Amino acid sequence: MNMTPVTRATLPPLESYLEKIREIFSCRYLTNNGKNVQELEQALTGFLEVPHLTLCTNGTLALQLALRLLNLNGKPVVTTPFSYVATVSALLWEGCEPVFADIDPRTLCISPEAVEACLNARPDIAGVLPVHVYGNACDVTALEDICRRHGVALLYDAAHAFGCRIHDRGLLSWGDASAGSFHATKLFHTVEGGCVACRTDEAQERLSLLRAFGHIGDDFICLGINAKMSEVHAAMGLCMLPLLPELIRRRAELCAAYDALLDLPRSGLAKPAMSPDLEWNYAYYPVIFPDNKTMMRCLAALGRERIHPRRYFYPSLNTLPYVSPVSCPVSEDIVQRVACLPLWPDMGMDTVERVAAILTATL
Ligand SMILES: *Cc1c(COP(=O)(O)O)cnc(C)c1O
């Protein structure tokens, strides 16, 4: 019996990738803002409907570059406790103090009321870093209003949000900037990679400087880092992008099958409430169990069949050993009873059926 992981990386037809690699071998231009990087930046600017987009090495550095772009390094920034650890590590690596605002129990995205309470309590807060959890959109209009009124920057962690749209706009076009991840396990990938979407020409120029050591030729302008994407990584993205509409369609089919077979909410399972007006990308299939004991029983039953969902996310980031402890009761409760079920585009319908049968029998 084969092992069933929570996800498997999607690859383009090998021949399409080899064609691009052959080109790279013949021109020997391997990195430093090459042809493939520029072509992929163009294509993604259109696909994601953003004013500007800068590619970089990975999603964590994308967050770090964006924090620098918005002058948030070294300052307190409001963020969510319910995310992958990289959201907080990027903040800490840039010397920011993460100030945790609890999540909305229905959408699992940061609660705008909790954000506003933090901003009212701490006038020294310089920015807000919410996460579009599972590709579900944060309350973008409320957050924009709050941040504008308080005069603080708004940066989204959009690592899950590839291809999502809300209020007839690309989700990455909201806020002052958005950081994306193109890691192999994400919906769209370049093996490793990331991007920062921003609004103005000046911001775009600053990002290009920041990702390439902060200098142009002999002109040393600001402190930069090496966060450049290579030509072989960009080539993967160029091969993947045309496949995306079909990959999302296939994910939607599998999610609909889970919905039908899991008998929500009668089975006791629930799903996060999707933001109204969201065009979702079906990046994950999260389920919320009634309690931790039930979830552990279900995970053990699936584990016996070599099926391995992920506790995504766990732990609540406000409880990490290297942040100052604060209480976020909603997030601390949810992390005890949420998991993502196996989902990738060419996963068979039979896997959905097996997972659903084991879950409903155990519940
Ligand atoms: C994957 C992920 C990141 C980090 O992206 P990498 O490309 O792996 O560095 C950041 N935030 C969230 C929410 C993620 O899921």
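Whatever order the structure lists them in is the order used to number ligands and atoms, beginning at 1. Just the heavy atoms: all of them, side chains too, but no hydrogens, waters or symmetry mates, feed the values below. On a predicted model such as this, the values are computed, not experimentally measured, just so you know.
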Task: Side chain to side chain, Leu247 and Phe188, heavy atoms closer than 4.5 Å - done: no
- [ ] Return the set of residues passing side-chain hydrogen bond (donor to acceptor under 3.5 Å, both in side chains) with Ser111 (not counting sequence neighbours), or none when no residue passes.
- [x] Glu113
Open item on the list: Does this structure show an ion pair linking Arg148 with Asp145, if we count only N-O contacts that are shorter than 4.0 Å?
Closed with: no
Open item on the list: Does Arg169 qualify as a cation-pi partner of Trp174, given the criterion of NZ or CZ under 6.0 Å from the six-membered ring centre and within 45 degrees of its axis?
Closed with: yes
Run through all N or O atoms in ligand 1 and write down each protein N or O closer than 3.5 Å, as a pair with its distance.
from, atom 1, to, atom 2, distance (Å)
ligand 1, 5 (O), Ser181, OG, 3.2
ligand 1, 7 (O), Gly59, N, 2.7
ligand 1, 7 (O), Ser181, OG, 2.7
ligand 1, 9 (O), Gly59, N, 3.3
ligand 1, 9 (O), Thr60, N, 2.9
ligand 1, 9 (O), Thr60, OG1, 2.6
ligand 1, 11 (N), Asp157, OD1, 3.4
ligand 1, 11 (N), Asp157, OD2, 2.8
ligand 1, 15 (O), His160, NE2, 2.7
ligand 1, 15 (O), Lys186, NZ, 3.2
ligand 1, 15 (O), Tyr312, OH, 3.3

Open item on the list: Enumerate the ring pair (Phe, Tyr, Trp, His ring centres under 6.0 Å) contacts for residues 220-262, please, sequence neighbours excluded, ordered by first and then second residue.
Closed with: His215-Phe220, Tyr258-Tyr285
- [ ] Just grab all the salt bridge (Lys or Arg N to Asp or Glu O under 4.0 Å) pairs involving residues 66-93, residues at least two apart or on different chains.
- [x] Arg68-Glu94
